[in-house]
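Side chains included, hydrogens not; waters and symmetry mates left out as well; all remaining heavy atoms used. All values derive from a computational prediction rather than experimental measurement.
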Amino acid sequence: MKRARPLSPHLQIYKPQITSVLSILHRVMGVVLSFGMVGVVLWLLLLSCHDTTCAGGVDWETSSGCYGCFQGFFGGFFGTLLLMGFSFAFFYHLSNGVRHLFWDAGRGYKLETAEKSGLFVVGISLVLTALLWASILL
Amino acid sequence: MGEHKTVQRTPLGRVKGLGQHSGAHHWWVQRLTAVALVPLGLWFIYTLAHLAPLPAADVRAFLTTPLHMTLMILFLITGFHHAQLGLQVVIEDYVHCEGLKFALLVGVKFLAVGLGLLGTVCLFAIAHG
């Protein structure tokens, strides 16, 4: 078995910066959204389910037992919290993704610009999430 | 001139998947899917928010109109492709055990294709039913 060679310390040394934190956050949100995609397929699967007997003979036309259950969970407190989390993940990954696309075009690399755009991304993500949920809940 | 790119590759290397790793291709497709997902993703979030409180029958009726069904399928395909490419990079970055890395990479790819197809089939099933 190969003995692990020593590595230079990094996380223990470097102070977290806007740049590095937003970068890892982008990756984390991406992974979170991947799970979200699985959830989307689950949603479609339940929608397509013809099984009307699981919640005691619920009519296919108006509602489906499994789908109703699913809807009920996400309408509840924890379900709503989960959806809010996913929507923030989406808006953050979208906004930071656009920031990445600007970098791909060669723009915005100056440190000051990168830090400003980073703060803007965080701000706009929070705003869009708030706006979405205001339109849903109010 | 017109010469094709020359790659140093032995038969064993090709089988092991070394060399010519289409890194640039991966990069491009990731950006293309990203750009496509800006409108598609926003459409999806907006649609989901609107559909959430509705009973199943109404949701089905909405989703199976030609335009919305097409957008939904596009969202699934593009989303899963983008996710697969992203997860591939994450796995390559953090998993160093070659066996596990290979298994995870293949697994993610299969899941992306399988789930994308499943979602699409569900939509057709709803439309048909």
Side-chain angles (χ1 to χ4, degrees), chain A residues 2 4 24 26-50 52 58-68 70-71 74-75 79-80 83 86-87 90-91 93-98 100-101 104-105 128-129 131-137, chain B residues 27-28 30-31 33-35 37-39 41-42 44-46 48-60 62-64 72-73 75-76 78-87 89-91 93-94 96 108 111-112 114-129:
Chain A
K2 261 201 290 196
I24 190 65
H26 188 77
R27 177 168 275 196
V28 169
M29 298 291 108
V31 175
V32 166
L33 289 171
S34 302
F35 285 103
M37 287 301 289
V38 180
V40 171
V41 176
L42 180 64
W43 172 61
L44 290 174
L45 202 57
L46 289 172
L47 257 184
S48 69
C49 176
H50 270 266
T52 56
V58 185
D59 176 21
W60 160 252
E61 282 312 311
T62 56
S63 184
S64 166
C66 295
Y67 188 75
F70 184 83
Q71 229 174 351
F74 281 105
T80 304
L83 286 177
F86 273 116
S87 56
F90 172 76
F91 284 122
H93 194 83
L94 173 65
S95 314
N96 201 236
V98 170
H100 262 285
L101 289 173
D104 291 338
L128 289 173
T129 309
L131 282 176
L132 177 74
W133 285 95
S135 75
I136 292 173
L137 299 171
Chain B
W27 187 91
W28 248 125
Q30 187 66 313
R31 270 65 187 172
T33 51
V35 169
L37 280 169
V38 174
L42 287 168
F44 176 74
I45 287 270
Y46 175 77
L48 197 62
H50 165 245
L51 291 176
L54 300 181
D58 294 355
V59 180
R60 288 187 205 111
F62 181 93
L63 277 181
T64 51
M72 193 68 213
I73 293 175
F75 173 72
L76 285 171
T78 317
F80 272 113
H81 200 168
H82 186 87
Q84 182 266 314
L85 290 172
L87 289 172
V89 179
V90 175
I91 292 166
D93 276 356
Y94 300 135
H96 299 297
V108 167
L111 274 175
L115 290 172
L117 187 59
L118 178 59
T120 306
V121 168
C122 282
L123 282 166
F124 277 99
I126 296 168
H128 183 263

> Can you say whether L45(A) sits under 4.5 Å from chain B via the side chain, the backbone, both, or neither, judging by heavy atoms?
Replying inline: both
> When rounded to the nearest 0.5 angstrom, what distance separates CE in M37(A) from CD in Q84(B)?
Replying inline: 12.5 Å
> Picking from L118(B), T120(B), L76(B), what satisfies side chain to side chain contact (heavy atoms under 4.5 Å, CB included) with L44(A)?
Replying inline: L76(B)
>> The test is side-chain contact (heavy atoms from CB on, under 4.5 Å); show your working for R31(B) and D104(A) and say whether it passes.
In response: CA-CA 9 Å; R31(B) 270 65 187 172; D104(A) 291 338; 2.7 Å; yes
> Considering the options V108(B), L111(B), L87(B), which one meets the side chain to side chain contact (heavy atoms under 4.5 Å, CB included) requirement together with S34(A)?
Replying inline: L87(B)
> At a heavy-atom separation under 4.5 Å, does F91(A) approach chain B through its side chain, its backbone, both, or neither?
Replying inline: side chain
> Residues two or more places apart in sequence or in another chain: which of them pass side chain to side chain contact (heavy atoms under 4.5 Å, CB included) with L131(A)?
Replying inline: V127(A)
>> For a side-chain contact (heavy atoms from CB on, under 4.5 Å) check, start with the C-alpha distance between F90(A) and L42(B), then their side-chain angles and the critical distance, and finish with the verdict.
In response: CA-CA 9 Å; F90(A) 172 76; L42(B) 287 168; 4.1 Å; yes
>> Once side chain to side chain contact (heavy atoms under 4.5 Å, CB included) is applied, do any residues pair with F44(B), and if so which ones, sequence neighbours excluded?
In response: V40(A), W43(A), L48(B), M72(B), F75(B)
> Checking heavy atoms, do the side chain of L54(B), its backbone, both or neither come under 4.5 Å from chain A?
Replying inline: backbone
> Counting only heavy atoms not in W28(B), do more than 12 fall under 6.0 Å of its CH2?
Replying inline: no
> So which heavy atom on L47(A) is nearest to which on A56(B), and how close?
Replying inline: CD2-O, 3.9 Å
> With a 4.5 angstrom heavy-atom cut-off, which part of L123(B) approaches chain A: side chain, backbone, both or neither?
Replying inline: side chain
>> Please classify the contact of L42(A) with chain B as side chain, backbone, both or neither, using a heavy-atom distance under 4.5 Å.
In response: neither
>> Quick check on the interface: out of G116(B), C122(B), G119(B), A127(B), who has the most heavy-atom pairs with chain A under 4.5 Å?
In response: C122(B)
> Side chain, backbone, both or neither: which part of H50(B) has an atom under 4.5 Å from a heavy atom of chain A?
Replying inline: neither
> Which heavy-atom pair separates R27(A) from V89(B) by the least distance, and what is that distance?
Replying inline: NH2-CG1, 3.6 Å
> If you count heavy-atom pairs under 4.5 Å between each of V38(B), L37(B), D93(B) and chain A, which one has the most?
Replying inline: D93(B)
>> How long is the straight-line distance from CD of Q30(B) back to NE2 of H100(A), given to the nearest 0.5 Å?
In response: 10.0 Å
